[in-house]
S.K.: 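Mind having a look at this structure? Questions to follow.
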Amino acid sequence: MILIKTVCTCDDGTCTFNALKHVFITFADDGTSTNSGHISLQGGTGDYAGLAGHGVDEGEAAGGTGVGRISGVLVR
């Protein structure tokens, strides 16, 4: 399991939000990988100051590019 702390910034730079991920990553012999685990959203700045939520983060990566999906509950 890997613990990842992330600060996500809005495209226009006016706000951020904090994410904490607990993911399990599986690496395949062909260089691809998959991940799955719990994510929690923990406030931020600007429009996201009161953000809270939790859910599941699932994704995969190949050729240096990763794609993920988050499903869960979000309160703003």
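Here, residue 1 is the first one in the sequence, and each next residue gets the next number.
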S.K.: Test: salt bridge (Lys or Arg N to Asp or Glu O under 4.0 Å). Region: residues 35-56. Which pairs qualify, not counting sequence neighbours?
M.R.: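 Pairs touching residues 35-56 that pass the test: none.
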S.K.: Got I2 and I25 here, is their nearest side-chain heavy-atom distance under 4.5 Å?
M.R.: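 Yes; the side chains approach each other to less than 4.5 Å.
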S.K.: Can you sort out the partners of S33 under side chain to side chain donor-acceptor pair (under 3.5 Å), two or more places apart, ordered by chain and number?
M.R.: none
S.K.: Just grab all the ring pair (Phe, Tyr, Trp, His ring centres under 6.0 Å) pairs involving residues 5-49, residues at least two apart or on different chains.
M.R.: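 Applying ring pair (Phe, Tyr, Trp, His ring centres under 6.0 Å) to every pair that reaches into residues 5-49, excluding sequence neighbours, yields F17-Y48.
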S.K.: Could you list who else is in V67's hydrophobic cluster, with ILVMFWY side chains joined at under 4.5 Å, directly or through other members?
M.R.: none
S.K.: With sequence neighbours excluded, give me every ring pair (Phe, Tyr, Trp, His ring centres under 6.0 Å) pair touching residues 56-76.
M.R.: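 Found none.
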S.K.: Can you tell me which residue among L74, N18, V75, T45 is in a side-chain contact (heavy atoms from CB on, under 4.5 Å) with L51?
M.R.: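 The option that passes is L74.
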S.K.: Hey, does T6 have a side-chain heavy atom less than 4.5 Å from the side chain of C8?
M.R.: yes
S.K.: Checking T16 against T9: is there a side-chain donor and acceptor pair closer than 3.5 Å?
M.R.: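 No, no side-chain donor-acceptor contact under 3.5 Å.
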S.K.: Give me the other members of the hydrophobic cluster that L20 sits in, counting Ile, Leu, Val, Met, Phe, Trp and Tyr linked by side-chain heavy atoms under 4.5 Å, directly or via other members.
M.R.: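 Members other than L20 - counting any ILVMFWY side chain reachable under 4.5 Å - are L3.
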S.K.: Can you pull out every ring pair (Phe, Tyr, Trp, His ring centres under 6.0 Å) where at least one residue sits in residues 51-76? Sequence neighbours excluded, please.
M.R.: none
S.K.: For C15, what residues pass the disulfide (SG to SG under 2.5 Å) criterion, not counting sequence neighbours?
M.R.: C10
S.K.: Can you list every pair that meets side-chain hydrogen bond (donor to acceptor under 3.5 Å, both in side chains) and has a residue in residues 63-75, with sequence neighbours left out?
M.R.: E60-R69
S.K.: Test: salt bridge (Lys or Arg N to Asp or Glu O under 4.0 Å). Region: residues 9-21. Which pairs qualify, not counting sequence neighbours?
M.R.: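 Residue pairs with at least one partner in residues 9-21: K21-D57.
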S.K.: Taking only residues at least two apart or on different chains, which pairs with a member in residues 36-76 satisfy disulfide (SG to SG under 2.5 Å)?
M.R.: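 The answer is none; no pair qualifies.
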S.K.: In the hydrophobic cluster built from side-chain contacts under 4.5 Å, what are the other members alongside V73?
M.R.: none
